[in-house]
Amino acid sequence: MSTSALPKQYDPSEVEPRWRRFWLENGFFHADEASPTVPYAITLPPPNVTGSLHVGHSLGFTLQDILIRWKRMAGFNAMWMPGIDHASIAVHVLLEKDLKRRENRTRFDLGRDEFMRQAWAWKERSGNRISEQEKLMGFSLDWPRERFTMDERSNRAVVEAFVRLYEEGLIFRAKRMINWDPVSETVVSDLEVDTAEEDGSLWEIKYPLSEGGGEIIVATTRPETMLGDTAVAVNASDPRYLHLHGKTVELPLTGRRVPIVPIELVRDGKPWPDPEFGSGAVKITPAHDPSDYEVSQIAKLEILQVIDTRGRMCAPAPAQYVGMTVDEARKAVVADLEAAGALGEIKKYKVPRGRSQRSGAVIEPMLMEQWWVKAAPLAEKAIAAVEQGKTKFVPEMHTKVFMHWMTNIKDWCISRQLWWGHRIPAWHCACGEIIVAREAPTTCPKCAGGALTQDEDILDTWFSSGLWPFSTLGWPEKTRELAAFYPNNVLVTGPDIIFFWVARMMMLGIHFMGKVPFRTVYLTSLVTDENGDKMSKTKGNVIDPLDVIHGATIDQLLERIDIEKPPVDLDKLKGAVKKNFGKGVPAMGADALRFAMAALNTTGRIRLSIDRVEKYRNFINKLWNASRFALMNLDGYDPERFEAQLSAPGGRAALAMPERWILSRLQAVIGDVDAALDSYRFADAASAIFHFVWDELCDWYIEVAKPHLYMSPEVEQDAARNARRHVVQGVLATALETTMRLMHPFSPFVTEEIWQKLPKPSQLPSSLMVTVFPRGDASWVDAGAEAEMKLLQDTAVACRMLKQTYGVSPAQPIAVELRVASAAPRQIIEKGLAIIERAAKVEATLAGAAAGPAPADAAKAVVGADVEVVMPLGGLIDFAAEKTRIGKDITKADKEIAGLEKKLGNADFLARAPEDVVAEQRARLGEEQARRQRLVDALATLSASAGGAA
RNA sequence: GGGCGAAUAGCUCAGCGGAAGAGCGUCGCCCUUACAAGGCGGUGGUCGCAGGUUCGAACCCUGCUUCGCCCACCA
């Protein structure tokens with residue numbers, strides 16, 4: 001091996017593909033369900049087949065891979081279940097938009113069979129792309145198990161679940177008010193509707209009384225629905241309308257006569273109809289308004305549907321409006337009302353308007369027969385499970401959100417009038433009978449007729465998703481996979497799908513499996529752009545994980561816009577992209593992106609920017625170079641010999657302080673990482689590694705080790721120095737090797753690459769990913785070594801500071817005198833003199849115990865309570881500046897001392913605070929006073945000669 | 001209208017009862033043979049406001065202000 005061939009800069013594009021291939025070829029990602037080891041299972045939230053992976057996926061998936069790789073290394077039978085979701089409505093929207101744009105046709109022009117053919121073709125292309133991206137990120141998914149929500153086995157599970165729920169009375173058909181998407185022409189569930197306030201108007205319409213003698217005024221935000229009015233409601237206690245109860249009005253434009261009905265409801269603690277609002281009279285359109293429908297049920301009103309499934313007016317609306325869109329009809333109705341003198345005041349008004357999350361279409365409330373899941377009994381068990389702690393949410397605050405929704409759950413409308421999805425296993429007979437069955441029936445059990453047609457509708461995508469944690473493991477068969485991997489240990493997903501998905505898995509999992517689907521639900525942060533705005537292709541602020549990995553020039557980013565042609569102003573979008581990514585995206589590699597994801601995943605949201613990922617790219621490079629340095633200096637190192645040396649009696653104690661120090665720090669970081677991962681504090685784990693590697697291993701240990709590692713003819717002939725060199729080599733190699741194992745779950749590629757190159761005992765596995773995760777060993781913790789090292793570091797820093805302050809070039813050695821009062825620290829400094837000299841580039845002498853006063857023309861700094869750094873400067877010294885600097889330090893010490901004295905002078909504090917706290921404060925006061933005294937002395941020597949000089 | 005969360009250095013965020021921290025930025029000095037994707041040093045904060053609890057509060061409690069997010073069929 002030629003270590004000098006290692007490049008100065010880490011090149012992920014060269015390294016990553018090699019290890020990706022190696023891991024896959026060796027089947028390291030695959031878990032055997034028959035393994036006797038303890039299982040640890042996670043099911044990947046299956047990405048929608050519509051897209052490619054976005055940065056939100058990279059976050060959630062990275063965290064899962066960290067857990068899986070960690071547990072795998074810790075000896076668990078770790079299984080990570082991959083899969084893809086068919087995403088029925090999303091696919092419809094995508095394909096139908098494309099069809100419209102390219103051929104100006106609808107799915108109905110194409111026909112069900114042809115549409116399905118195209119959808120499957122799309123699935124093949126897109127599904128593969130997603131898997132490729134997952135592999136690119138290094139995700140250790142159990143590929144042979146990969147599933148699709150519409151594959152053979154999933155279909156079977158869906159049919160089985162549907163039939164059982166139907167037989168148990170938990171699935172039923174009912175005519176209820178639903179949300180209709182007139183663009184996609186399907187019902188959508190409440191969750192798929194986004195309500196937002198939009199600008200609109202409040203129109204007053206005058207309805208003349210049939211008997212003459214006046215009119216009643218109603219207010220509405222949707223005048224066109226008056227064509228379907230079947231009543232006017234007034235509050236039963238409203239004295240203004242008592243005389244009109246049971247009377248009728250002539251409904252303008254329609255020639256119909258509708259009753260005035262008294263009614264009295266309470267909504268949100270307010271009477272309804274509210275006499276205070278408008279005229280206090282409400283027009284009632286039962287077929288197109290949920291609230292009006294409720295009234296119609298109470299008052300037994302006629303229901304007239306005047307809007308059809310394409311969002312156009314239909315009979316029994318008067319012929320002149322039939323065929324108009326809702327918007328057209330609104331204009332026409334308003335104009336006609338005005339012409340008829342039936343229009344009152346018009347006010348600007350904020351109207352809450354529901355839109356389909358997927359298609360963006362304005363939702364029409366409609367009365368239709370659909371398939372429903374009776375949710376309450378299922379929710380009850382899920383609530384109990386969470387209350388009993390069988391599943392817990394992390395962060396914990398999400399529990400409330402989940403529980404609130406669950407306790408107020410409404411029945412779940414599961415039928416969709418789409419094609420791409422699971423066809424409902426129900427058959428309709430001409431006699432009206434409905435047969436729900438696992439296999440297509442041939443005759444009707446009621447009338448014996450054979451004219452059966454399968455229900456045209458498909459199921460809500462989330463129905464199959466709700467079965468996913470067990471359908472992927474072979475359910476309804478009783479498989480070994482289910483026995484081993486159900487329940488999963490954790491579900492990691494975004495908080496945006498708690499209701500859509502987590503809730504449904506909980507309900508269906510408990511119902512069918514008798515056990516919760518996962519022990520823990522970990523909800524990730526939300527990834528936004530650096531301004532906190534949601535990333536969106538039409539805003540030009542999207543960071544594509546592939547670009548982060550491979551890099552992309554600004555031209556490539558702009559070119560992509562031309563190819564994709566989003567439905568917005570292209571020039572504006574390009575401007576935004578140029579503004580956001582003017583310099584393009586440098587290639588960071590998957591490891592940097594992964595590490596960034598873990599490190600930035602604090603609560604709330606991640607404001608992601610290229611710069612932030614860059615910081616971790618730099619970190620990966622730092623790690624690479626530290627390893628490169630080690631490899632350049634590990635010649636002659638024998639891992640077996642080192643291990644024997646360490647395990648020999650007294651072997652550890654024989655280590656020098658810096659070696660004991662770094663191994664102690666290594667122990668600390670192992671403990672921190674393990675504890676952090678255990679409680680899903682990914683950012684803490686990443687930060688512990690980051691600081692250990694950079695601030696301790698690289699900045700200090702490697703620097704301290706250098707003189708012992710460099711080979712020279714003298715070292716070669718000096719047995720003691722040779723032995724020392726070998727020990728330092730061993731400690732450095734061990735620290736690095738352990739760090740690779742510790743960091744592997746976060747950044748698998750670079751750690752594998754380095755680990756493979758490091759010299760290590762020969763009987764280890766062929767890949768880092770199947771070695772053992774570092775285990776904490778408290779016996780390595782060495783508080784003494786840590787304290788010693790700290791003193792040396794602080795002293796070196798003080799020397800650097802003085803040099804810097806006086807403009808001494810960092811490279812120029814300068815003499816300093818270290819004055820140490822007490823014996824213990826004096827010994828430490830004495831032993832560590834060479835370390836200080838090297839770290840600060842000074843020539844240090846330790847002043848004798850009986851040294852006289854420090855020279856006046858010297859800069860001085862006090863380290864802690866014990867060490868004074870004196871740097872003679874001769875004519876260079878700036879007395880005034882020096883006095884100011886030391887004066888500032890004294891002020892600081894004074895403040896500190898005053899605070900401590902006040903505290904310690906407080907009888908209550910002495911009486912009530914714990915003893916160790918009091919002792920600690922006392923010790924601090926002592927130190928601070930000693931320190932102050934040294935500062936004052938230093939200032940005094942300056943003052944002695946400063947008078948004339950300044 | 002309800003619920004949840006957040007407010008700490010110029011920016012992004014940790015810390016959540018006993019000495020105010022990190023990264024980025026900024027200002028300096030260094031191409032020191034692992035790394036300029038680097039090294040070194042400095043600057044920078046009455047921890048949103050007002051009360052309370054406590055020997056002690058950035059941290060716990062109450063109220064307020066300002067921002068987020070989620071839920072909700074009011075004409």
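Proteins come first, then strands; the chains are lettered A, B, ... in the order of their sequence lines, and each starts at number 1.
Here B:A57 sits opposite no nucleotide as a Watson-Crick or G-U wobble pair (both hydrogen-bonding atom distances under 3.5 Å). With both pairing distances under 3.5 Å, B:A9 is matched to nothing as a Watson-Crick or G-U wobble pair. Remark: B:G41 base-pairs with B:C27; criterion is Watson-Crick or G-U wobble with both hydrogen-bond distances under 3.5 Å. Shown here, B:C4 forms a base pair with B:G68; the pair counts as Watson-Crick or G-U wobble because both key distances fall under 3.5 Å. As the counterpart of B:U32, no nucleotide is assigned, since no Watson-Crick or G-U wobble pattern has both distances under 3.5 Å.
Put simply, A:Asn633 has no side-chain N or O that comes within less than 4.0 Å of OP1 or OP2 on B:A34. Between A:Thr602 and the phosphate of B:A14, there is a side-chain N or O to OP1/OP2 separation shorter than 4.0 Å. Proximity of A:Lys400 to the phosphate of B:G3: no side-chain N or O atom is located under 4.0 Å from OP1 or OP2. The phosphate of B:G41 has OP1 or OP2 within less than 4.0 Å of a side-chain N or O from A:Arg800. Listed pair A:Trp694 / B:G39 meets the phosphate criterion, a side-chain N or O lying under 4.0 Å from OP1 or OP2. Using a 4.0 Å cut-off, no side-chain N or O of A:Tyr10 falls inside it from OP1 or OP2 of B:G38. Contact annotation: A:Lys622 side-chain N/O to B:G39 OP1/OP2 distance is under 4.0 Å. At the phosphate of B:G28, neither OP1 nor OP2 sits under 4.0 Å from any side-chain N or O atom of A:Lys803.
The stretch residues 605-635 of chain A participates, sequence neighbours left out, in these ring-ring contact (aromatic ring centres under 6.0 Å, His included) pairs: A:Tyr10-A:Trp624, A:Phe595-A:Tyr616, A:Phe595-A:Phe619, A:Tyr616-A:Phe690, A:Phe619-A:Phe690.
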>> Strictly under 4.0 angstrom, non-hydrogen atoms only: write out the protein contact profile of nucleotides 16-27 of chain B, one letter per nucleotide from the 5' end, B, S or -.
In response: --BB--SS----
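Annotation: B:U43 and B:C61 have their C1' atoms spaced 37 Å apart (nearest Å).
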